[in-house]
2 protein chains.
Amino acid sequence: MAVFLSTFENKVDRKGRVSIPASFRGALEQEKSTGIILYPSFKHACIEGNGDERIQEIVNSIDALDVFSDEAENLQTILADARQLAIDSDGRIILPSEFIEYAQLDGVATFVGLGKGFQIWEPKTFTEHRAKNRERARKQGATLRIVSSDKTVVT
Amino acid sequence: MAVFLSTFENKVDRKGRVSIPASFRGALEQEKSTGIILYPSFKHACIEGNGDERIQEIVNSIDALDVFSDEAENLQTILADARQLAIDSDGRIILPSEFIEYAQLDGVATFVGLGKGFQIWEPKTFTEHRAKNRERARKQGATLRIVSSDKTVVT
DNA sequence: GGAGAATATATGGAAAATTATGGGTATGCA
DNA sequence: TGCATACCCATAATTTTCCATATATTCTCC
């Protein structure tokens with residue numbers, strides 16, 4: 001299974017190009033993804049990333065719902081905001097301008113490995129976010145139950 | 001199968017011509033569709049679009065219903081209003097005037113990727129629709145159960 | 001163990017190809 | 001003849017591809 005770990009800081013040039021961290025590329029190859037899927041996070045000012053294998057699962061799952069239901073429509077908004085991006089021969093993608101704006105990137109992007117996926121943050125914003133997360137974890141006392149078949153939470 | 005993602009805004013010229021977004025054309029080629037099928041949306045003031053493959057699924061689904069049921073009859077009206085359109089050598093289609101009127105297009109069309117299909121909207125109308133959808137998704141707390149292996153909760 | 005070579009990664013710039021879009025001309029049907 | 005459709009071409013803007021370089025990392029042989 002592909003696993004995205006650690007954090008990396010890479011530059012975003014004038015054209016919006018940014019290198020995907022080499023270890024992330026390795027993870028993508030493992031899951032046979034030729035490209036990646038990006039979409040704006042519901043909860044935070046960051047971009048969510050997955051291998052493009054993942055999107056097929058989401059599409060199929062939405063398709064399993066009643067076509068005309070509100071539920072299906074709600075979820076389709078995710079797809080409307082998502083983009084599939086090819087990784088070029090230099091290991092880079094071009095970040096669409098709407099994502100650069102949404103995450104308020106200014107020349108630098110922080111790639112954050114989250115196991116099954118990853119996030120792209122503006123470095124300063126991420127630092128603050130991480131500080132808050134750690135604080136909360138300390139207060140609440142984080143616990144984790146390991147399960148065989150895995151559960152994922154996309155935010 | 002082909003996946004339609006993201007949103008694009010393209011111009012509709014005086015002749016009713018409009019470019020199909022390149023990524024949508026790529027998706028259509030994948031499913032060996034030579035053209036696209038458009039029909040007015042049941043629920044909204046927009047046009048629904050699909051590749052040939054998807055239409056076949058819809059036809060089969062309707063066929064599986066009780067032949068004389070109201071439901072079957074309702075859905076058959078979709079097929080009656082549908083049009084198959086060829087994509088020309090420049091990647092464009094000609095939008096029939098009845099669709100332009102139905103979606104109230106005025107020179108610009110927003111293409112919205114919804115996974116297995118897509119929609120064509122008047123830009124302003126779509127912006128409003130999307131705002132409503134997001135609001136509702138937040139209220140209802142959109143969740144998605146991934147059908148294959150793992151469970152996903154989108155919040 | 002260490003110096004230097006070879007490889008991999010990140011990044012910038014320029015050339016080539018694709019896309020979106022407008023206009024024109026022929027063709028056919030009523 | 002008039003309208004609508006199909007086909008062809010031109011162009012600007014964008015996107016993709018290719019090449020060059022600097023930095024970092026790994027390897028190898030002494």
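Each chain gets a letter, A, B and so on, in the order the sequences are listed, and its residues count up from 1.
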> Any side-chain donor paired with an acceptor under 3.5 Å for A/S33 and A/E31?
Replying inline: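 Short answer, yes.
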
>> Looking only at side-chain N and O atoms, does B/N133 offer a donor or acceptor that is under 3.5 Å from a partner on B/R130?
In response: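 Side-chain D/A pair, B/R130 to B/N133: absent.
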
> With sequence neighbours excluded, what pairs up with A/T125 under the side chain to side chain contact (heavy atoms under 4.5 Å, CB included) test?
Replying inline: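 Expected list: A/W121, A/E122.
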
> Partners of A/I100 by side chain to side chain contact (heavy atoms under 4.5 Å, CB included), sequence neighbours excluded?
Replying inline: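 By the side chain to side chain contact (heavy atoms under 4.5 Å, CB included) rule, A/I100 matches A/V12, A/L95, A/L105.
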
Whole angstrom is fine here: how far is it from [atom1] in [X] over to [atom2] in [N]?
{"X": "B/F8", "N": "D/dT15", "atom1": "CZ", "atom2": "P", "result": "10 Å"}
{"X": "B/K11", "N": "D/dT14", "atom1": "NZ", "atom2": "P", "result": "11 Å"}
{"X": "A/L95", "N": "D/dT14", "atom1": "CG", "atom2": "P", "result": "18 Å"}
{"X": "B/N10", "N": "D/dT14", "atom1": "CG", "atom2": "C1'", "result": "13 Å"}
{"X": "B/I93", "N": "C/dA20", "atom1": "CD1", "atom2": "C1'", "result": "14 Å"}

> Counting any heavy atom closer than 4.0 Å, what does B/I20 reach on the DNA or RNA strands: base, sugar-phosphate only, or nothing?
Replying inline: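 The answer is sugar-phosphate, as B/I20 gets under 4.0 Å only of primed atoms, P, OP1 or OP2.
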
> Quick one: ring-ring contact (aromatic ring centres under 6.0 Å, His included) pairs with a partner in residues 48-107 of chain B, sequence neighbours left out?
Replying inline: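 Non-adjacent pairs meeting ring-ring contact (aromatic ring centres under 6.0 Å, His included): zero.
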
>> Listing request: all ring-ring contact (aromatic ring centres under 6.0 Å, His included) pairs with a residue in residues 2-32 of chain B, at least two apart in sequence or in separate chains.
In response: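 Qualifying pairs, neighbours excluded: B/F4-B/F24, B/F4-B/F118, B/F8-B/F24, B/F24-B/F118.
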
> Who pairs with A/D90 by salt bridge (Lys or Arg N to Asp or Glu O under 4.0 Å), at least two apart in sequence or on another chain?
Replying inline: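 Here the qualifying residues are A/R92.
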
> Who pairs with B/D13 by salt bridge (Lys or Arg N to Asp or Glu O under 4.0 Å), at least two apart in sequence or on another chain?
Replying inline: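 With neighbours one apart ignored, the set is B/R17.
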
Please tabulate, for the side chains in residues 76-87 of chain B, all donor-acceptor contacts under 3.5 angstrom to protein atoms that are two or more places apart in sequence or on a different chain.
{"from": "B/T77", "atom 1": "OG1", "to": "B/N74", "atom 2": "O", "distance (Å)": "2.5"}
{"from": "B/R83", "atom 1": "NH1", "to": "B/E98", "atom 2": "OE2", "distance (Å)": "3.2"}
{"from": "B/Q84", "atom 1": "NE2", "to": "B/D52", "atom 2": "OD1", "distance (Å)": "3.2"}

>> Heavy atoms from C-beta onward define the side chain here; which of C/dA10, C/dG22, C/dA20 lies closest to that of B/R25?
In response: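 It is C/dA20.
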
> Restricting to pairs with a member in residues 37-49 of chain B, which pass side chain to side chain donor-acceptor pair (under 3.5 Å), not counting sequence neighbours?
Replying inline: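 Qualifying pairs, neighbours excluded: A/E73-B/H44, B/Y39-B/N50, B/E48-B/Q119.
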
>> Contact list please: residues 97-108 of chain A against DNA chain C, heavy atoms, distance less than 4.0 Å, in numerical order.
In response: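 Residues of residues 97-108 of chain A that come under 4.0 Å of DNA chain C do not exist, since none gets that close.
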
> More than 12 foreign heavy atoms under 6.0 Å from CD of B/E9: is that the case here?
Replying inline: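 Yes, the 6.0 Å shell around CD holds more than 12 heavy atoms from other groups.
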
> Does A/N10 use its side chain to pair, donor to acceptor, with the backbone of A/V18 at less than 3.5 Å?
Replying inline: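 No: the side chain of A/N10 does not pair with the backbone of A/V18.
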
Interface polar pairs with nucleotides 22-25 of chain D, N/O, under 3.5 angstrom:
none

> Do the charged groups of A/R54 and A/E57 touch, with an N to O distance under 4.0 Å?
Replying inline: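 Salt bridge between A/R54 and A/E57, a charged N being under 4.0 Å from a carboxylate O: yes.
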
> Between B/R14 and B/S19, which has a closest nucleotide on DNA chain C that is more 5'?
Replying inline: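 This one resolves to B/S19.
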
> What bend angle does the helix from C/dG1-D/dC30 to C/dA30-D/dT1 show across its length, from five-pair end axes and to the nearest 10 degrees?
Replying inline: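 Overall, the helix from C/dG1-D/dC30 to C/dA30-D/dT1 bends by 40° from one end axis to the other.
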
Show me the protein contacts with nucleotides 2-9 of chain D, counting only N or O atoms at under 3.5 Å.
{"from": "D/dC9", "atom 1": "N4", "to": "B/D90", "atom 2": "OD2", "distance (Å)": "3.0"}

